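We count ligands from 1, going down the list as the structure has it; atoms in each ligand are counted the same way. No experiment lies behind these values; they were computed from the predicted model shown.
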Amino acid sequence: MSSVEGAVRAARRAVVFTGAGISQESGIGTFRGPGGLWERFRPEEVATPEAFAARPELVARWYAERFAAMRAAVPNPGHRAIASWEALFPSLVVVTQNIDRLHQRAGSRDVLELHGTLWVSRCARCRREVATESLPPAEPPPARCDCGGMFRPGVVWFGEALPLDVFARAEAEVAAADLFVAVGTSATVWPAAGLIELAAASGALLVEVNRDETPMSRLAALTRRGAAGEELPRLGEEWGRWRSPS
Ligand code: OAD
């Protein structure tokens, strides 16, 4: 039996760490690389508190378009495979950088959203949170709160801190994990990418599923180079065989 097989057979706590690449096959664009969002838009013009303060209408329209695309998207076989792994391991936590909620829609029950979600909007003044879908259309956007403040997307912008409680739980889960699977992330945005080093330092078996090489690749004990929607169901089949009582 290979050391990878032995570690997967013995694993009790799994963490799946995901980035934009897992939703690519659901039709949601990634940030980096050819055709990526950050090739067409500058993050500082749409994804910072300063941009929202200076041009709220433009930022609100940009996110409204992205939210419409996410709402229309459906989970792909990669999301569904991860949800099905809850049956394989006693504990399975998804730690995602994505804001699209496709993991939850695929059935994953324990999802930590490091960068927030577009499905929630928050008043920039009184911090009240509402479901984005419940906001009445405003012309010009953004919609206004009863307090007079503007609703902003419930996501983490550049220059903002990650939600402390969410990140603290992610760190604790990663530190306790014996299996850590990173999927579709360029592993370049901090502090999220630091979870990979933490997993390595804590002795977890590191698996990477990505179309391309990343800074994480050198740490991974097992690498699957390909589309998440194809590779994850395949891994799941193999791991299911390894973990079913023989
Ligand atoms: P990136 O766009 O940086 O990276 C996506 C990764 O997925 C790349 O390594 C691609 O090679 C890979 N990839 C693309 N399609 C794939 C597929 N079908 N199957 C497998 N791999 C695929 O996205 P993130 O790493 O998520 O933050 O980016 C991290 C953060 O940067 C985002 O959360 C966002 C962004 O700026 C904020 O907005 C705060």
K.L.:
With side chain to side chain donor-acceptor pair (under 3.5 Å) as the rule and sequence neighbours excluded, what pairs involving residues 138-148 come up?
P.N.:
Arg61-Glu139

K.L.:
Just to confirm my output: which protein heavy-atom neighbour is closest to atom 24 (P) of ligand 1, and how far is it?
P.N.:
Ala20 N, 3.8 Å

K.L.:
Is there a side-chain contact between Leu198 and Glu171, using heavy atoms and a 4.5 Å cut-off?
P.N.:
yes

K.L.:
Nearest to atom 19 (N) of ligand 1, what protein heavy atom do you find, and at what distance?
P.N.:
Ala228 N, 2.9 Å

K.L.:
Does only the side chain of Ile22 get under 4.0 Å from ligand 1, or the backbone, or both, or neither? Count heavy atoms.
P.N.:
neither

K.L.:
What is the closest protein heavy atom to atom 22 (C) of ligand 1, and at what distance does it sit?
P.N.:
Gly21 CA, 3.7 Å

K.L.:
Please report which non-hydrogen protein atom sits nearest to atom 10 (C) of ligand 1, along with the residue it belongs to and the distance in Å to one decimal place.
P.N.:
Asn210 OD1, 3.5 Å

K.L.:
Quick one: does ligand 1 sit under 4.0 Å from the side chain of Glu25, the backbone, both or neither, non-hydrogen atoms only?
P.N.:
side chain

K.L.:
What part of Gln97, side chain from CB on, backbone N/CA/C/O, both or neither, has a heavy atom under 4.0 Å from ligand 1?
P.N.:
both

K.L.:
Does the plane of the ring in Trp157 sit parallel, tilted or perpendicular to the ring in Tyr63? Use 30° and 60° as the thresholds.
P.N.:
tilted

K.L.:
Does atom CZ of Arg225 have more than 12 heavy-atom neighbours from other groups under 6.0 Å away?
P.N.:
yes

K.L.:
Please classify the Arg32 to ligand 1 contact at 4.0 Å (heavy-atom distances, strictly less than): side chain, backbone, both or neither.
P.N.:
both

K.L.:
CH2/Trp239 to CG/Leu232 distance, rounded to the nearest 0.5 angstrom?
P.N.:
8.0 Å

K.L.:
Which residue owns the protein heavy atom closest to atom 36 (O) of ligand 1, what's the atom, and how far is it?
P.N.:
Trp38 NE1, 2.9 Å

K.L.:
Give a yes/no on ligand 1: does Ala47 have at least one heavy atom closer than 4.0 angstrom to it?
P.N.:
no

K.L.:
Among all protein heavy atoms, pick the one closest to atom 32 (C) of ligand 1 and tell me residue, atom and distance.
P.N.:
Phe31 CE1, 3.4 Å

K.L.:
Please check if the side chain of Asn98 supplies one atom and the backbone of Asp100 the other of a donor-acceptor pair under 3.5 Å.
P.N.:
no

K.L.:
Quick check on contacts: which atoms of ligand 1 are under 4.0 angstrom from a heavy atom of Phe158?
P.N.:
36 (O)

K.L.:
Suppose we measure from atom 5 (C) of ligand 1 to each protein heavy atom; which comes out shortest, and what is that distance?
P.N.:
Gly184 O, 3.5 Å

K.L.:
Using a heavy-atom cut-off of under 4.0 Å, does the side chain or the backbone of Val189 touch ligand 1, or both, or neither?
P.N.:
side chain

K.L.:
Would you check the N or O atoms of His115, main chain and side chain alike, for any that come under 3.5 Å of an N or O of ligand 1?
P.N.:
yes

